[in-house]
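This report refers to the structure that appears directly beneath it.
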Amino acid sequence: MASAPETQQLGKQSCATHDVTNQPPPLTPYDASDDAALLEGMEREGAGWAVEEVRRLGARAGGEEAQRWGELANTVEPVLRTHDRYGNRIDEVEFHDSWHQLTRVAVESGATGAAWLDERPGAHVARYGALLTWGHTEAGHGCPMAMTYAVIPALRHQPDLAEVYTPLLASRFYDPGLRVPTEKRGLLAGMGMTEKQGGSDVRTNTTIAEPTAEEGVYTLRGHKWFTSAPMCDLFLVLAQAPGGLSCFLVPRVLPDGSRNTFRIQRLKDKLGNRSNASSEPEFDGTVAWRVGPEGRGVKTIIEMVNCTRLECVAGSATLMRKALVEAGHHVRHRSAFGARLIDQPLMRNVLADLALESEAATTLTMRLAGAADRAARGDEGEQAFRRLATAVGKYWVTKRTPPFTAEALECLGGNGYVEESGMPRLYREAPLNSVWEGSGNVNALDVLRALAKEPAAVQALMDELALARGADARLDAAVAELWSDLSDMAGVQMRARRVVERMALALQGSLLVRHAPAAVSDAFCATRLGGEGGLAFGTLPRGADLDGILDRARIPG
């Protein structure tokens with residue numbers, strides 16, 4: 001019988017059964033901005049002057065520290081504190097320090113409202129370049145960035161309020177904590193439209209706004225069903241005033257320093273987006289300032305929605321690129337059946353197909369960002385294009401993200417199903433942007449509304465598609481089929497999703513034919529427009545230039 005020391009030595013030896021091999025090294029650090037579609041899009045849409053700054057941000061986003069912040073912000077989730085230790089109602093949400101670090105860098109990069117006060121052409125494009133790069137960390141903290149950016153054009157419907165708050169909403173200084181807004185160096189803003197009984201049908205809102213003796217000042221009584229980022233300083237909300245549904249600005253802290261009534265009933269237990277607190281606030285005598293005329297609430301707040309819908313497109317494009325980077329890194333270092341995965345034809349087909357989808361999403365995002373920038377500077381043609389194309393892009397790009405992310409996760413096999421890989425967080429995040437700011441049906445119906453009532457928007461889209469006429473026969477045929485489909489509007493609501501899908505694919509095809517290498521545009525037109533691909537990713541046809549597509553994708557590692 002072995003003695004005790006001998007037994008201990010045997011135990012130590014038995015722990016070392018093998019060395020770990022055939023596993024990829026850590027992805028970090030990597031350059032999150034090293035995306036040809038993104039960088040070329042910035043140059044093309046007028047923000048070449050910001051590329052160097054975005055490259056610096058990309059190195060930081062792909063660094064170990066920022067990636068760790070993203071992980072911690074989603075594992076140490078926000079906590080609601082309705083009361084302090086003495087029993088006073090405070091309605092505050094506590095975030096892990098990682099959330100604050102992520103938000104601070106985002107604000108400093110101009111992710112809130114800085115572009116609205118930047119006179120340089122391409123300022124809004126530069127902002128989206130930063131978003132698509134810093135978004136490689138995690139998605140949740142992007143919500144208050146998006147809403148703060150989007151509140152500024154809506155607030156312009158009330159010039160006196162806009163004059164006071166726009167400089168603070170456009171600040172690059174992150175100043176957390178609930179204090180008098182005008183005493184802070186920078187503000188964040190949120191939005192509260194939906195209610196339990198109505199959801200996207202905001203005209204059914206039941207929150208009541210009662211006028212006070214002071215002009216433009218009301219008190220609100222009611223509830224909101226989804227109000228994200230409740231620690232923001234200001235909120236745009238909808239409520240029923242005597243003159244109809246109206247828009248109001250609600251501060252968390254009043255000018256005298258007292259807390260406005262903003263009772264957070266609970267935080268949502270969500271599928272994903274766990275780092276971002278989404279709440280159900282109750283208003284009871286809550287002080288609010290009217291934004292725009294009574295009865296014009298939807299028209300006022302739609303300025304904000306048009307912006308946040310583009311945020312959905314950008315967020316989904318970012319998620320696609322991050323998932324592609326993770327999948328590509330894994331298959332470059334993992335071997336099976338005698339060869340690296342990246343060298344096996346079927347895996348190359350899958351990864352190349354994902355790369356096509358990612359480039360199409362990013363290229364469309366940058367085109368929409370360019371339209372937003374030029375529209376903000378008074379270009380009526382770009383305003384019309386943005387109106388229709390943003391709704392089209394919001395529908396399609398967000399719809400493609402869940403299956404895309406599932407396929408990218410599968411590239412890692414069982415490793416991708418494990419939380420430590422980070423892929424499950426991307427997968428849970430993937431459906432969000434299709435739900436936020438109007439589900440697929442809501443956006444498809446909005447496109448139909450624009451087709452029926454805004455001929456300038458339809459003409460702007462036709463003009464955009466015409467720029468690629470003659471470059472690819474499959475694209476030409478798809479465009480012709482699209483306009484033929486639109487000539488028959490009988491029963492079009494039932495066909496709305498198919499119509500919008502065709503519009504999105506034609507628009508993406510047009511952009512890629514004009515701006516992407518032939519390897520990318522040819523494979524996209526063959527599979528998305530020409531019927532040569534299958535229903536799943538990884539079904540590119542024989543003859544597709546997989547090498548060209550994958551070289552273009554610039555997978556790190």
Side-chain angles (χ1 to χ4, degrees), residues 103-104 106-119 123-124 127 141-193 209 212 214-220 224 227-239 241 246-262 281 283 286-294 296-308 311 372 376:
T103 304
R104 176 180 55 80
V107 172
E108 290 173 354
S109 74
T112 52
W116 294 107
L117 299 184
D118 193 333
E119 296 182 356
H124 294 267
R127 174 185 178 271
H141 75 288
C143 181
M145 303 301 104
M147 294 188 295
T148 303
Y149 169 76
V151 76
I152 290 176
L155 205 56
R156 289 174 175 171
H157 287 264
Q158 197 65 38
D160 57 330
L161 296 178
E163 182 179 1
V164 173
Y165 293 109
T166 295
L168 294 168
L169 295 165
S171 170
R172 290 178 181 250
F173 189 87
Y174 177 50
D175 193 357
L178 297 180
R179 301 192 302 281
V180 176
T182 53
E183 296 177 2
K184 298 181 69 175
R185 296 176 62 185
L187 302 178
L188 297 180
M191 174 172 57
M193 293 196 297
T212 68
E214 186 177 350
E215 175 64 26
V217 180
Y218 294 67
T219 57
L220 307 185
K224 296 297 172 183
T227 300
S228 289
M231 289 300 287
C232 286
D233 302 285
L234 306 168
F235 294 84
L236 281 190
V237 305
L238 293 178
S246 306
C247 183
F248 296 91
L249 185 68
V250 174
R252 285 293 315 264
V253 179
L254 296 170
D256 65 3
S258 62
R259 293 286 180 94
N260 207 1
T261 304
F262 194 98
F283 303 143
T286 302
V287 178
W289 301 306
R290 192 185 69 241
V291 180
E294 281 194 6
R296 304 297 295 275
V298 173
K299 183 175 178 58
T300 300
I301 210 167
I302 201 67
E303 298 283 355
M304 188 173 188
V305 172
N306 285 336
C307 291
T308 50
E311 300 287 315

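The first residue in the sequence is number 1, and the count goes up from there. Every heavy atom of this structure was used, including side-chain atoms; hydrogens, water molecules and symmetry mates were not.
Judged by distance alone, the side chain of Asn260 and the main-chain N or O of Thr286 form no donor-acceptor pair under 3.5 Å. At least one donor-acceptor pair closer than 3.5 Å links the side chain of Thr148 to the backbone N or O of Ala189. A distance-only check finds no donor-acceptor pair linking the side chain of Arg172 to the backbone of Val107 [under 3.5 Å]. A donor-acceptor pair under 3.5 Å links the side-chain atoms of Lys224 to the main chain of Leu238, judged by distance alone. The closest donor-acceptor contact from the side chain of Trp116 to the backbone of Tyr149 lies under 3.5 Å. Of the possible donor and acceptor atoms, one in the side chain of Arg290 sits under 3.5 Å from a partner among the backbone N and O of Gly292.
In this structure, CG in Asp160 is found 9.5 Å from CD in Glu215, a value given to the nearest 0.5 Å. If you take CG on Leu254 and CZ on Arg259, they are separated by 10.5 Å, rounding to the nearest 0.5 Å. For the atom pair CG of Leu178 and CZ of Phe262, the computed distance is 9.5 Å after rounding to the nearest 0.5 Å.
Shown here for Pro167 and Ala162, the closest heavy-atom pair between the two residues is CD-O, 4.1 Å. Gly113 and Ile152 make their closest contact through CA-CD1, 3.7 Å (heavy atoms, listed as atom of the first residue, atom of the second, distance). The minimum heavy-atom distance between Ala146 and Thr308, with the atom names listed, is O-CG2, 4.1 Å. Between Thr300 and Ala154, the closest heavy-atom pair is O-CB, 3.6 Å. The two atoms that bring Val287 and Pro251 nearest to each other are O-CD, 3.7 Å, heavy atoms only. In terms of heavy atoms, Ser171 sits closest to Thr112 at O-OG1, 3.4 Å.
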Practice task
Apply side chain to side chain contact (heavy atoms under 4.5 Å, CB included) to Val305 and Met193, showing your working.
Solution key: CA-CA 10 Å; Val305 172; Met193 293 196 297; 3.8 Å; yes
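No side-chain heavy atom of Met147 sits under 4.5 Å from any side-chain heavy atom of Glu311. For the pair Gln158/Leu249, no side-chain contact is recorded, criterion being any heavy-atom separation below 4.5 Å from C-beta on. Side-chain contact check for Pro230 versus Pro281: every heavy-atom pair is 4.5 Å or farther apart. Residues Leu188 and Met145 are in side-chain contact: their nearest non-hydrogen atoms beyond the backbone lie under 4.5 Å apart. Between Pro144 and Thr103, every side-chain heavy-atom pair lies at or beyond the 4.5 Å cut-off.
Atom CZ of Arg296 has 12 or fewer heavy atoms from other residues, nucleotides or ligands within 6.0 Å.
Checked options Leu155, Val151, Val237; the residue passing with Val291 is Leu155 (criterion: side chain to side chain contact (heavy atoms under 4.5 Å, CB included)).
Phe248 and Tyr218 have perpendicular rings, their planes meeting at more than 60° on a 0 to 90° scale where under 30° would count as parallel.
Pairs passing the side chain to side chain donor-acceptor pair (under 3.5 Å) check and including a residue from residues 179-190, sequence neighbours excluded, read Asp175-Arg179, Lys184-Asp233.
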